Amino acid sequence: MFSYNVFKEASNAKFDNACKKIENSLTIEKKPPIIDVDGSIVQIYTDGNKNVKVYNDYEVDAVYIDSDIDLSQLFNS
């Protein structure tokens, strides 16, 4: 499992940028986003075997990624 802290504050713009980087760089299926009552969003991508989860988390106050795929070329941890 790989983890990347994309931005130290929750931000819809930074979340969207992270998602676009993934979508433009990988051939991967985008699932419908999961939206929490506090406005936090989780976007899940899958290739069938491996998942990438992008979080815009207002409780943690960060944009971060948990991934089964090495994304170090896209996001420096």
Side-chain angles (χ1 to χ4, degrees):
M1 177 71 77
F2 300 92
S3 294
Y4 305 93
N5 188 12
V6 178
F7 195 64
K8 294 181 182 178
E9 295 174 352
S11 163
N12 287 333
K14 296 290 183 179
F15 173 80
D16 289 340
N17 283 342
C19 290
K20 285 179 184 169
K21 277 187 182 182
I22 291 167
E23 292 166 15
N24 292 333
S25 300
L26 302 174
T27 304
I28 196 161
E29 179 185 352
K30 182 179 181 178
K31 299 289 187 177
I34 300 168
I35 303 172
D36 197 354
V37 293
D38 69 356
S40 296
I41 304 170
V42 180
Q43 180 62 62
I44 300 173
Y45 299 90
T46 186
D47 71 357
N49 296 319
K50 297 182 180 181
N51 294 319
V52 176
K53 297 178 183 176
V54 184
Y55 298 85
N56 186 32
D57 192 327
Y58 284 100
E59 186 173 330
V60 174
D61 199 20
V63 176
Y64 61 95
I65 299 170
D66 289 334
S67 175
D68 295 326
I69 300 168
D70 183 0
L71 302 173
S72 60
Q73 292 190 3
L74 298 176
F75 305 99
N76 294 326
S77 55

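Here, residue 1 is the first one in the sequence, and each next residue gets the next number. Please read all numbers here as calculations on a predicted model, not as lab measurements. All values below were derived from every heavy atom in this structure, side-chain atoms included, with hydrogens, water molecules and symmetry-related copies excluded.
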Would you compute the distance between atom [atom1] of [X] and atom [atom2] of [Y] and round it to the nearest 0.5 angstrom?
X     : Y     : atom1 : atom2 : result
Glu23 : Lys30 : CD    : NZ    : 4.0 Å
Asp68 : Asp70 : CG    : CG    : 11.5 Å
Met1  : Ile69 : CE    : CD1   : 11.0 Å

Residue pair [X] / [Y], side-chain heavy-atom distance below 4.5 Å:
X     : Y     : answer
Ile22 : Phe75 : yes
Ile44 : Val52 : no
Ser67 : Tyr45 : no
Lys53 : Ile65 : no

For this session: Mind listing the closest non-hydrogen atom pair of Val63 and Asn5 along with its distance?
Result: O-OD1, 3.4 Å
Exercise. Which atom names give the shortest non-hydrogen contact between Pro32 and Gln43, and what distance separates them?
Worked result: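 Shortest heavy-atom contact: C-NE2, 4.3 Å.
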Exercise. Taking only residues at least two apart or on different chains, which pairs with a member in residues 24-43 satisfy ring-ring contact (aromatic ring centres under 6.0 Å, His included)?
Worked result: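 ring-ring contact (aromatic ring centres under 6.0 Å, His included) check on residues 24-43 returns no pairs.
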For [X], what residues pass the side-chain contact (heavy atoms from CB on, under 4.5 Å) criterion, not counting sequence neighbours?
X     : answer
Leu74 : Ser25, Leu71
Ile35 : Ile41
Glu29 : Lys31, Thr46

For this session: Determine whether Phe2 and Val54 fall in the same hydrophobic cluster, where Ile, Leu, Val, Met, Phe, Trp and Tyr are linked whenever their side-chain heavy atoms lie under 4.5 Å apart.
Result: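 Linked within one cluster.
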Exercise. Distance-only, no hydrogens or angles: does the Asp47 side chain make a donor-acceptor pair with backbone N or O of Lys50 under 3.5 Å?
Worked result: yes
For this session: Name all residues meeting the ring pair (Phe, Tyr, Trp, His ring centres under 6.0 Å) criterion together with Tyr55; count only those two or more places apart in sequence or in a different chain, and write none if there are none.
Result: Tyr64
Return a table of donor-acceptor pairs under 3.5 angstrom between the side chains of residues 10-17 and protein atoms on other chains or two or more places apart.
| unit_1 | atom_1 | unit_2 | atom_2 | d |
| --- | --- | --- | --- | --- |
| Ser11 | OG | Ala13 | N | 3.4 |
| Ser11 | OG | Lys14 | N | 3.2 |
| Asn12 | OD1 | Asn56 | ND2 | 2.9 |

